[in-house]
Amino acid sequence: MTDTPRTSEATPSGAPALSAQYAPGDVEQRRYEQWVADGLFQADAKSDRPPFTIVLPPPNVTGSLHIGHALDHTVQDSLARRRRMQGYETLWLPGMDHAGIATQNVVERQLAGEGLSRHDLGREAFVERVWQWKAESGGKILGQMTRLGDSVDWSRERFTMDEGLSRAVLTIFKRLFEDDLIYRAERIINWCPRCLTALSDIEVEHSDDEGELVSIRYGDGDGAIVVATTRAETMLGDTAVAVHPDDERYRHLVGTEVELPLTGRRIPIVADEHVDPAFGTGAVKVTPAHDPNDFEIGQRHGLPNLTIMDDHGVITVHGPFLGLDRFEARPAIVAALRADGRIVAEKRPYLHAVGHCQRCSTTVEPRLSLQWFVRTGPLAKAAGDAVRDGRVRVEPQELTKRYFGWVDNMHDWCISRQLWWGHRIPVWYGPEGEVVCVGPDEQAPTGPGWTQDPDVLDTWFSSALWPFSTLGWPDETADLAKFYPTSVLVTGYDILFFWVARMMMFGLYAMDGRQPFDVIMLHGMVRDQYGKKMSKSFGNVVDPLDWIERFGADATRFTLARGANPGADVPVSEDWVQGARNFCNKLWNATRYGLGNGATLDGELPPQEQLTTVDRWVLSRLQHVIGEVDEQFEAFELAKVCDTLYHFAWDDVCDWYLELTKPVLNGDDEAAKDRTRRVLGHVLDRLLRLLHPIMPFVTEELWTTLTGERTVVRAAWPAADAARIDDAAEAELANLQRVVTEVRRFRADQGVKPSQRVVARLDGLAGAGLTAHEGLIRSLARLDVEEAASGDFAATAKLAVGVGVTVELDTRGAIDVAAERARLTKDQAAAEKEAAQCRAKLGNPAFTDKAPEPVVAKIRQRLEAAEADLARITSQLEALS
RNA sequence: GGGCGCGUAGCUCAGUGGAAGAGCACCCGCCUUACAAGCGGGGGGUCGUUGGUUCGAACCCAACCGUGCCCACCA
């Protein structure tokens, strides 16, 4: 892709040279190795500012590292690098993987490819296989996006996992257990018959599917009652029929019994508030073992729970249907009922919400099962209050509503999973039915008949401990004392509920009511250039390693950061990462220009009064930019930071400032050259510092070359200097830019080649305050001075460019009158429209009376300017004839 | 079914009461000595629709249309 860099050449000033070609791969690798060698990633202990901590999400969400992680890392690392430059002690919590269901999924998929399942391997071999996969695949992106230390410490994780349970998990489990916040109960849970595991509410995805609604008559004669169901097969497990207590139609039946078809069992008719009399027939079959609502009804009425399916979803009762899969059983049972004359009505297709396993899309089966739960009531209340009372801020604030909606309506949390990879539940069961929870540093009971619960904990159980377990909790470590609560959590809004809410609950609980972080910064999902979700089936998935390889980590980071505003999704495309790479290249070349022209940081920045307007202008712009970037960083508006710096670097510095320094630096006034060299060095220095958090590698390379210093990582973050703000210089430069642009426009319209110098006479510069800048204007607009001696200057065009300046040009031939007339006519129309708008406003007494005076004054000024323009353009048009 | 967003240039998005913006894409001209991964110039939008509030609306309010996400035990 890129050529090998050319060997360095010495520059005129003797400064070290950059290769002519920017080669991101080489630069980034070299810089990374240097940072590691210099040990730049340990926390600095010398700061008196509060520590700045970032919580790094465990990369377990999808089971592999992807562009979403690259986004997390970019934002986190950018925030951290700026804080470090500001003198904060920063810590980035390590990104260890942990007990992820997804981790297991990846390996299960591999096994499926070999025609195996985990049950074929056995628990031990399976776990070993997961380790193998992790060792081969883990941590790559984390390093290459940021190279911020080898933050993935697999050996440490291996240690904690080999213990079976990390101390943190054990500690909090035991504490919750003893506080009666963890309990084991038989409940209806979401069960995936394919994965053979319980699912929490958030692992179930609902969709409207086509099913059937079948009405079945239970009983005969006067005592008959018709129920409707979408799941006919569960009727085998019915233990009652329920109606609403106030439903007149059925009042006489409450307390009686009906015969359950096909089985001959007699079941009671009960009255329960849950039933909606308006839906269907107003009577509902009750299957407590296979429906959450029915379970509740069953509890209230003391009904038995009759389980009719095994964990694979296969019918386990009643001869004719025994051994049928649940989806085979449904039509079979409907057919049998129809043959019996019991089907009263059928509606097919019937659209209704059905739950699916998040991972394999299998239809979820509600199943009565013995599981472990966290009693979330008090924990969730505390998690909500911490945001309500302002201790924790959510950015963007709009998402707090969603947060409350979640924590204020949280069901108890099913934490047991029937997987083999993860932290095992630390509970042993004894031969006499004993239940013992084993805490850290406690001996598990041994002896015949004692067994450990085979289930593992939900992946989010250990993730919820992240902000403090990574700091050494439950030990009272120095890190914990210093860095908890952490400063900011950066993650996508998609796991606000999965992860963030749980960290809040456990953080507040384990750390005596102290929140796990002060700010929750939520960004969006990475999407493609059409705003589409990335998915393998669309084929629009981006591999960040591929981009890093082809465009560089800086370009990849800039592309992501440029889209990363709080709460907003982040669209990316190859075109844009190319643009980001081009920007890196632009900085490279700008710095080469500086080095080649003696840009320096030696000595004090010259005082304002010694500087040219151009130098004062660029310094003034710089101060504004520093202020804006600071504000945007504090508001976590990374996209705006990128935008501000991109435009300052490219438009102000490269397109104007560097060009404007050329006449000075190529001139003869050595003192003036030195002053501009110093300003040039200052501007490049500050620009590179400001960009460093977002593009660490290229700025490090350029900054160290420019300054001769060791690293920009520890350079101070720039502070705005109000004394360098110069409104007059900015106004003067605006005039200069206008004149130059107008001449360029004329030249382009007239088809004058850029390389062709044109003789011109400039008038009226004094009025625009541009007297001193004639040379600059001529340089940028490529206008030559008339040769007084030759005397053959013949103005073929006279250009009135506004701000009172006129330019007479000798284009050595007839100008294109038609083109010129077209241009002027267009300008005239624009000026006329503007003038008309202003006049209309000013002619409206309602406006002049009610609008604030500054607004009215501004409109008056605009009218004057428009009328002046109009006069100028009109007279020019007339002169064209 | 409930809740929260969003609809601005071909694409992705800023702008949230006082002159319609950016990046990319597009058109024209250029190898001008930091940079063709570039330089200069240019075209392009009745700001979803309809009402309302206001001297003034892309921006505030209402309704509608379109679209996205989250939540949900109506059998």
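Proteins get letters first, then strands, A, B, ... in listed order; numbering begins at 1 in each.
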Checking base pairs now: Watson-Crick or wobble, both atom distances under 3.5 Å. What partners [N]?
N	answer
B:rA25	none
B:rA19	none
B:rG43	none
B:rC59	none

At under 4.0 Å between heavy atoms, what does [X] touch on the DNA or RNA strands: base, sugar-phosphate, or nothing?
X	value
A:Tyr646	sugar-phosphate
A:Phe558	nothing
A:Asn844	sugar-phosphate
A:His274	base

*Taking A:Asn540 for the side chain and A:Lys533 for the main chain, is one N or O donor matched with an acceptor at less than 3.5 Å?*
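Side chain of A:Asn540 to backbone of A:Lys533: a pair is present.
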_Check this for me: does any side-chain nitrogen of one of A:Arg326 and A:Glu233 sit under 4.0 Å from a carboxylate oxygen of the other?_
no
*Do A:Asp291 and A:Arg367 sit within salt-bridge range, that is, some charged N less than 4.0 Å from a carboxylate O?*
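So A:Asp291 does not pair with A:Arg367 through a salt bridge.
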For residues 567-577 of chain A, which side-chain N or O atoms pair as donor and acceptor with protein atoms under 3.5 Å away, sequence neighbours left out?
| unit_1 | atom_1 | unit_2 | atom_2 | d |
| --- | --- | --- | --- | --- |
| A:Asp569 | OD1 | A:Tyr493 | OH | 2.8 |
| A:Asp569 | OD1 | A:Met525 | N | 2.7 |
| A:Asp569 | OD2 | A:Tyr493 | OH | 3.4 |
| A:Asp569 | OD2 | A:Arg527 | NE | 2.4 |
| A:Asp569 | OD2 | A:Arg527 | NH2 | 3.2 |
| A:Ser573 | OG | A:Asp575 | N | 3.2 |
| A:Ser573 | OG | A:Trp576 | N | 3.4 |
| A:Glu574 | OE1 | A:Arg550 | NH2 | 3.4 |
| A:Glu574 | OE2 | A:Arg550 | NH2 | 2.4 |

Scan nucleotides 11-14 of chain B against the protein and return all N/O pairs shorter than 3.5 Å with their distances rounded to 0.1 Å.
| unit_1 | atom_1 | unit_2 | atom_2 | d |
| --- | --- | --- | --- | --- |
| B:rC11 | O2' | A:Gln529 | O | 2.9 |
| B:rU12 | OP1 | A:Tyr530 | O | 3.2 |
| B:rU12 | O4' | A:Gln529 | O | 3.4 |

Quick test: give all pairs of protein nitrogen or oxygen and nucleotides 30-34 of chain B nitrogen or oxygen below 3.5 Å, distance rounded to 0.1 Å.
| unit_1 | atom_1 | unit_2 | atom_2 | d |
| --- | --- | --- | --- | --- |
| B:rA34 | OP1 | A:Lys662 | NZ | 3.2 |
| B:rA34 | O2' | A:Asn589 | OD1 | 3.2 |
| B:rA34 | O2' | A:Arg592 | NH1 | 3.3 |
| B:rA34 | N6 | A:Cys654 | O | 3.0 |
| B:rA34 | N6 | A:Glu659 | OE2 | 3.3 |
| B:rA34 | N3 | A:Asn589 | O | 3.2 |
| B:rA34 | N3 | A:Ala590 | N | 3.4 |

*So is A:Arg187 actually on top of A:Phe295's ring, under 6.0 Å and inside 45° of the axis?*
no
*If you draw the axis of the six-membered ring of A:Trp656, does the NZ or CZ of A:Arg744 fall within 45° of it and under 6.0 Å from the ring centre?*
yes
*With respect to A:Gln632, which candidate in A:Asn565, A:Asp643, A:Thr644 satisfies the side-chain hydrogen bond (donor to acceptor under 3.5 Å, both in side chains) definition?*
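Output: one option passes, namely A:Thr644.
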*Assess whether one donor atom and one acceptor atom, taken from the side chain of A:Asp575 and the base of B:rC24, lie less than 3.5 Å apart.*
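Checked by distance alone, the answer is no.
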*Nearest-Å distance once atom C1' is located in both B:rG2 and B:rU8*: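 Those two atoms are separated by 30 Å.
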